[in-house]
A.B. asks: 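Encoded as structure tokens, here's the structure I'll be asking about.
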Amino acid sequence: MNYRTLKPRKFIDEYYPGSGFTVSTVLNWMNKGLLPYVTTPTGQRLVLVDEYVLMITARNDLLE
């Protein structure tokens with residue numbers, strides 16, 4: 001599988017534009033295990049995005 005990595009702000013802009021979600025919201029989703037992520041050597045967390053899986057299964061529970 002091919003994964004892309006996105007900064008939390010870029011993830012919001014691409015997948016939830018105009019939703020009002022903040023970077024803190026995305027970081028909370030990561031902490032709760034709702035979003036997969038990787039940590040860079042500098043400690044920054046990046047969202048792992050699998051385009052195929054995202055296309056097939058929408059995470060509606062993230063909107064609650």
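The chain is numbered in sequence order, starting from 1. Worth saying up front: this structure is predicted, and the values here are computed from it rather than measured.
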A.B. asks: A side-chain contact here means heavy atoms from C-beta on lying under 4.5 Å apart; do Val26 and Tyr16 qualify?
C.D. replies: no

A.B. asks: Considering residues at least two apart in sequence or located in another chain, which fulfil the side-chain hydrogen bond (donor to acceptor under 3.5 Å, both in side chains) criterion with Thr22?
C.D. replies: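 Partners of Thr22 under the side-chain hydrogen bond (donor to acceptor under 3.5 Å, both in side chains) test: Thr25.
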
A.B. asks: Residues in side-chain hydrogen bond (donor to acceptor under 3.5 Å, both in side chains) with Asn31, at least two apart?
C.D. replies: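 Applying side-chain hydrogen bond (donor to acceptor under 3.5 Å, both in side chains) to Asn31 gives Arg45.
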
A.B. asks: Taking the side chain as every heavy atom from C-beta outward, state whether Tyr15 and Val49 have any atom pair closer than 4.5 Å.
C.D. replies: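 Heavy-atom side-chain distance check passes, below 4.5 Å.
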
A.B. asks: Does some side-chain heavy atom of Leu48 sit less than 4.5 Å from a side-chain heavy atom of Thr5?
C.D. replies: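 Yes, close enough: below the 4.5 Å cut-off.
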
A.B. asks: Could you state the interatomic distance from CG (Leu46) to CG (Leu35), rounded to the nearest 0.5 Å?
C.D. replies: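 So the CG of Leu46 and the CG of Leu35 are separated by 12.5 Å.
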
A.B. asks: Any heavy-atom pair between the side chains of Trp29 and Phe21 that's under 4.5 Å?
C.D. replies: yes

A.B. asks: Closest heavy-atom contact between Val23 and Pro8?
C.D. replies: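 That would be CG1-CB, 3.8 Å.
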
A.B. asks: Can you list everything that forms a side chain to side chain contact (heavy atoms under 4.5 Å, CB included) with Asp13? Sequence neighbours excluded, please.
C.D. replies: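 Side chain to side chain contact (heavy atoms under 4.5 Å, CB included) list for Asp13, sorted by chain: Arg9.
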
A.B. asks: What residues, two or more places apart in sequence or in another chain, satisfy side-chain hydrogen bond (donor to acceptor under 3.5 Å, both in side chains) together with Thr39?
C.D. replies: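 Thr39 satisfies side-chain hydrogen bond (donor to acceptor under 3.5 Å, both in side chains) with no other residue.
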
A.B. asks: Identify the two heavy atoms, one from Phe11 and one from Leu6, that lie closest to each other, and give their separation to 0.1 Å.
C.D. replies: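 What the structure gives for the nearest pair is CA-CD1, 4.0 Å.
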
A.B. asks: Who pairs with Arg4 by salt bridge (Lys or Arg N to Asp or Glu O under 4.0 Å), at least two apart in sequence or on another chain?
C.D. replies: Glu14, Glu51

A.B. asks: Please list, chain by chain and in numerical order, all residues satisfying side-chain hydrogen bond (donor to acceptor under 3.5 Å, both in side chains) with Ser24, sequence neighbours excluded.
C.D. replies: none

